[in-house]
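Let me begin by presenting the structure, written as C-alpha cells, before commenting on it.
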Amino acid sequence: MKIGYPCVNESLDCSSGATFRLASYSAERVETTVAGNLACLQRILEYNVAHGLRFFRIGSSIVPFGSHPINTFAWRTRFAAGFQALGDYIRAENMRVSFHPDQFVVLNSPNADIVQRSIAELEYQGAMLDLMGLDSTAKLQIHIGGLYGDRDAALARFIATYRTLPEAVRRRLVIENDDRLFSLQDCLRVHEAVGIPILFDNFHHECLHHGEPMAEALRLAAATWHPARDGVMMMDYSSQQPGERKGKHAATLEEELFRGFLGHLHGLDVDIMLEIKDKEASACRAISVLHELQLVAAEATAAR
DNA sequence: CTCAGTCAAGGGAAC
DNA sequence: GTTCCCTTGACTGAG
C-alpha cells in the first residue's frame, strides 16, 4: 500500500506548476518555467521518499500550455533527459505517480472541439509519462464527464470516444466515480463495455451511491483493475469537512474516520491518494496511522 | 511594494 | 438568463 497526496507540497518553497498567462507566452519562458518545474518536482519526490510517501499526483501544468496550439516549443526533446531522470528516480525508489487532468477534459462532450482538445490534453500528459519511461501502471485519471440531460447517451458517447483514443492514452486512462453525476454503478457500466479500470473515490461514493456498502464498493472497483497491466488499484480518499457544503473536502485528516475506512479494505491492497486540504501534513499522519495498525497487528500475532 | 482582479479550457445547480 | 461553484496558486497591472 502506497500513500500519497496531490500536486502541491506546502513544506517546500517551490512549485512544480509555475505557469504564466497566455498573453505573456514566449518560447524562452516555456523553457525556464519547465526547467524550474522539473527541478521542483524532483525536490518534492525527494521529500516524499524521506517521509515514506510513495504515491504522488503530478500537477497538470508542468509544461505551461502543454496541449495548447500556441506552445510549439520542442519541450519533449529539450527536456527528454530531465523527464527520464525523474522517471529513473521514481522507479528506483519504488514510487508511483499519476495525473488528474482537470475539469476541462470532457471526453463525452457533444461538442467535437471540446473532445478534441480533451484528447490533446490526455496525449500531452501521457507523453510526459512516456518520457519518464513509466509503464501503464502510471495512470491518467478523469471523470466520465457531463450528463447533458440523458445519462444513457452520455455514457454511450464516452464509450464511443474511448474506443477511438490512441493506445498511448487508452492504456493509462482510468475513470473515477464523482460526487454528483456518475456513480460507481455508472463507471461499472463503462467498464463492462470497454474494460477501463475504475479509480474508486470513497468520499464521492458517500455522496452518490446506490446503497452499496463501502467494502462491497471497494471490491467491485478492485475487480476492474488488471494486475499485470494496471498495477494495484488506485483510490482517492477524503472525508466531509464538518459544517460545510456536502462534498467539501476535509481540511485535515480525521484519523478515526481513516482508521474506520481502512477496516473496510479487509486486506485489499490499494494505493491511496489523500485528497485533503493540508496535503503532505495529513499524508504523513496517514502513514503514522498505518504504522500503528501494523504494530498492533504484529503484537496480536506475537501474542498468539 | 501591495493588493485585488484575473487567468485556455466545462458543466451543473442555485437563484 | 445569470451567477456561482468546483480548486488553486500565482501572475499581472493598477495604485
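The structure displayed is predicted, hence computed values, not measured ones. Letters A, B, ... are given to chains in the order of the sequence lines, protein chains preceding strands, and every chain is numbered from 1.
- Evaluation of F104(A) against the base of dG10(B) yields no stacking contact (centre distance < 5.5 Å, interplanar angle < 30° required).
- Under the rule for a ring pair (Phe, Tyr, Trp, His ring centres under 6.0 Å), the partners of Y237(A) that lie at least two apart in sequence or sit in another chain are F258(A), F261(A).
- F56(A) is linked by a ring pair (Phe, Tyr, Trp, His ring centres under 6.0 Å) to Y5(A), counting only residues two or more places apart in sequence or in another chain.
- Whole-Å rounding puts the I70(A) CD1 to dA9(B) C1' distance at 14 Å.
- The aromatic ring centroids of W75(A) and Y124(A) lie less than 6.0 Å from each other.
- Taking atom C1' on both nucleotides, dA10(C) is separated from dG10(B) by 22 Å, rounded to a whole Å.
- One can place CG of D102(A) at 11 Å from P of dA9(B), the figure rounded to the nearest angstrom.
- The side chain of R180(A) sits closest to dG12(B) out of dG12(B), dA9(B), dA8(B).
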Do nucleotides 6-15 of chain C as a string where each nucleotide becomes B, S or -: B if the base has a protein heavy atom under 4.0 Å, S if just the sugar-phosphate does, - if no protein is that close. BSS-SBS---
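- H143(A) has its ring centre no less than 6.0 Å from the ring centre of F182(A).
- When rounded to the nearest whole Å, the span between CG of D178(A) and P of dA13(B) equals 11 Å.
- Separating the P atom of dC3(B) from that of dT7(C) is a span of 28 Å, rounded to the nearest Å.
- Listed by first and then second residue, the side-chain hydrogen bond (donor to acceptor under 3.5 Å, both in side chains) pairs involving residues 160-169 of chain A are E167(A)-R170(A) (not counting sequence neighbours).
- Rounded to a whole angstrom, the distance from the P atom of dA9(B) to that of dG1(C) is 23 Å.
- Here dA13(B) presents its C1' atom at 14 Å from NZ of K246(A), a figure rounded to the nearest Å.
- A straight line from CD of E121(A) to P of dG10(B) spans 12 Å, rounded to a whole angstrom.
- Contact check, S67(A) against dA9(B): no side-chain N or O comes under 4.0 Å of OP1 or OP2.
- Atom CZ of R157(A) is separated from atom P of dG10(B) by 15 Å (rounded to the nearest Å).
- V106(A) shares a hydrophobic cluster with I114(A), Y148(A); the chain of contacts runs through ILVMFWY side chains whose heavy atoms sit under 4.5 Å apart.
- Counting any heavy atom pair closer than 4.0 Å across all strands shown, L147(A) reaches sugar-phosphate atoms only and no base atom.
- Looking at residues two or more places apart in sequence or on another chain, you find a disulfide (SG to SG under 2.5 Å) between C40(A) and C14(A).
- Side-chain atoms of R96(A) never come within 3.5 Å of backbone atoms of R91(A) as a donor-acceptor pair (strictly under, hydrogens ignored).
- The ring pair (Phe, Tyr, Trp, His ring centres under 6.0 Å) check on H191(A) picks up nothing, with sequence neighbours excluded.
- Here the P atom of nucleotide dG10(B) and the CG atom of D113(A) are 10 Å apart, to the nearest Å.
- Residue contacts shown for F65(A) include a base, since a base heavy atom lies under 4.0 Å away.
- In terms of the side-chain hydrogen bond (donor to acceptor under 3.5 Å, both in side chains) criterion, residue partners of E212(A) (sequence neighbours excluded) are, by chain and number, Q185(A).
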Just to be sure I follow the notation: if a pair is Watson-Crick (purine N1 to pyrimidine N3 plus N6-O4 or O6-N4) or a G-U wobble (N1-O2 and O6-N3), each under 3.5 Å, what dot-bracket string does DNA chain B give, with | for pairs to another strand? |||||||..||||||
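- Straight-line distance between the C1' atoms of dT2(C) and dA8(B): roughly 22 Å, to the nearest whole Å.
- With rounding to whole Å, R117(A) atom CZ is found 14 Å from dA8(B) atom P.
- Straight-line distance between the P atoms of dT3(C) and dT6(B): roughly 13 Å, to the nearest whole Å.
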